[in-house]
Each structure stands twice: as structure tokens, then as C-alpha cells.
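Reviewing the structure listed below.
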Amino acid sequence: MRTVLHDIEIKNLIRQADEAKYRAYVPYSHFRVGACLKSASGAYYLGANIENMSYGVTNCAERTALFRAVFEGERRFEALAVISDSPNYTLPCGACRQALSEFCDADMPVICANRSGGYEVFAFSELLPHAFSPRDMEID
Ligand code: THU
């Protein structure tokens with residue numbers, strides 16, 4: 001069952017993700033991404049992408065937000081919003097989907113926004129179906 005998010009809360013999450021976008025460190029791609037992750041306790045954790053001259057070491061906006069939240073003791077999340085300067089909806093990359101799957105339920109809404117504030121909402125399980133889970137590590 002998908003968690004119901006009211007329009008006003010969706011817009012609030014997108015606005016905060018958009019503000020986070022301006023804190024991106026993107027000297028290589030010049031592509032700013034912002035994320036806003038809402039915890040089950042009701043707190044908001046913001047993140048932006050942080051690039052590195054060794055490109056593969058770059059940290060995406062979503063993982064910046066997730067790691068900030070987990071470091072603060074959060075373990076359960078209600079919603080995630082992602083935005084960039086693209087006219088297209090910004091979706092979390094595969095690495096971020098895997099990182100999020102450690103803490104996010106299948107029905108957590110992921111709000112993927114475009115630069116104009118338009119958005120599409122996905123259930124987390126739509127983005128990472130058949131995720132690798134602790135059950136997959138059972139060996140006997
Ligand atoms: N990026 C994110 O921050 N989140 C995503 O979901 C996709 C990609 C960043 C990484 C890099 O700094 C830039 O966007 C271009 O890939």
C-alpha cells in the first residue's frame with residue numbers, strides 16, 4: 001500500500017530539495033541535484049551532489065541526504081524528493097536505490113521533480129524491484 005502524501009507536503013518536499021540543490025559541489029558536471037528525505041520522526045534531511053576529480057568517488061544528492069540522516073540516528077523514512085535543473089524528472093541512480101533500500105520500505109513515495117516543479121511519484125519498489133535483501137544472504 002502506498003503511503004498517502006498530500007499535495008502540500010509534496011510541494012514542501014520539492015521546495016526543500018530545490019533549496020538543497022544550490023549547495024551542490026559540481027565543478028565537473030555542472031549538474032546540480034538536490035534531495036529531501038523525510039524521516040518517520042518527521043525531520044527533513046537535505047542533500048546535494050558532491051563531486052570529486054576522481055569522478056567515481058562522487059556522492060549523489062540522495063546518498064548525501066541518507067547518510068546525514070542515518071548518522072543522526074534515523075532508520076526509517078517516509079518520503080524522498082529529488083530535483084535538478086533538468087526539464088525531465090530526476091530519478092535516483094542505481095547506487096542510490098541500493099543504498100536507500102537498506103532503510104526504505106517498498107511503499108515509500110519517491111517524488112521525482114523537474115526544474116519547473118512538475119513531478120511524478122513512484123513507490124520505492126517500482127524503482128528497485130526484487131532488491132537484494134538480508135534473506136539473499138542466507139547460505140543454509
Ligand atoms: N547525480 C545525483 O546527485 N543523483 C542522481 O540520482 C543522479 C546523478 C549527480 C552525480 C553527478 O554529480 C551528477 O549528478 C551527474 O551525474
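Start at 1 and go down the list; that is how both ligands and their atoms are numbered. All values derive from a computational prediction rather than experimental measurement. One-based numbering along the sequence shown.
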Donor-acceptor pairs under 3.5 angstrom involving side-chain atoms of residues 70-77: please list them, not counting sequence neighbours.
unit_1, atom_1, unit_2, atom_2, d
E74, OE1, S39, OG, 3.4
E74, OE1, S41, OG, 3.4
E74, OE2, S39, OG, 3.2
E74, OE2, S41, OG, 3.0
E74, OE2, Y45, OH, 2.7
R75, NH1, V70, O, 2.9

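Sorted by first and then second residue, the salt bridge (charged side-chain N to carboxylate O under 4.0 Å, His left out) pairs involving residues 85-100 (not counting sequence neighbours) are K21-D85, R32-D85.
E120 contributes no side-chain N or O that, together with a main-chain N or O of Y89, makes up a donor-acceptor pair within less than 3.5 Å.
Going from atom CG of L128 over to atom SG of C104 covers 10.5 Å, rounded to the nearest 0.5 Å.
Applying the side-chain contact (heavy atoms from CB on, under 4.5 Å) criterion to S54, with sequence neighbours excluded, gives N52, V57.
Protein residues having a heavy atom under 4.0 Å from any atom of ligand 1 are S29, F31, V33, N49, E51, T58, C60, A61, E62, L91, P92, C93, listed by chain and number.
The environment of R23 atom CZ is sparse: at most 12 non-hydrogen atoms of other residues, nucleotides or ligands sit within 6.0 angstrom.
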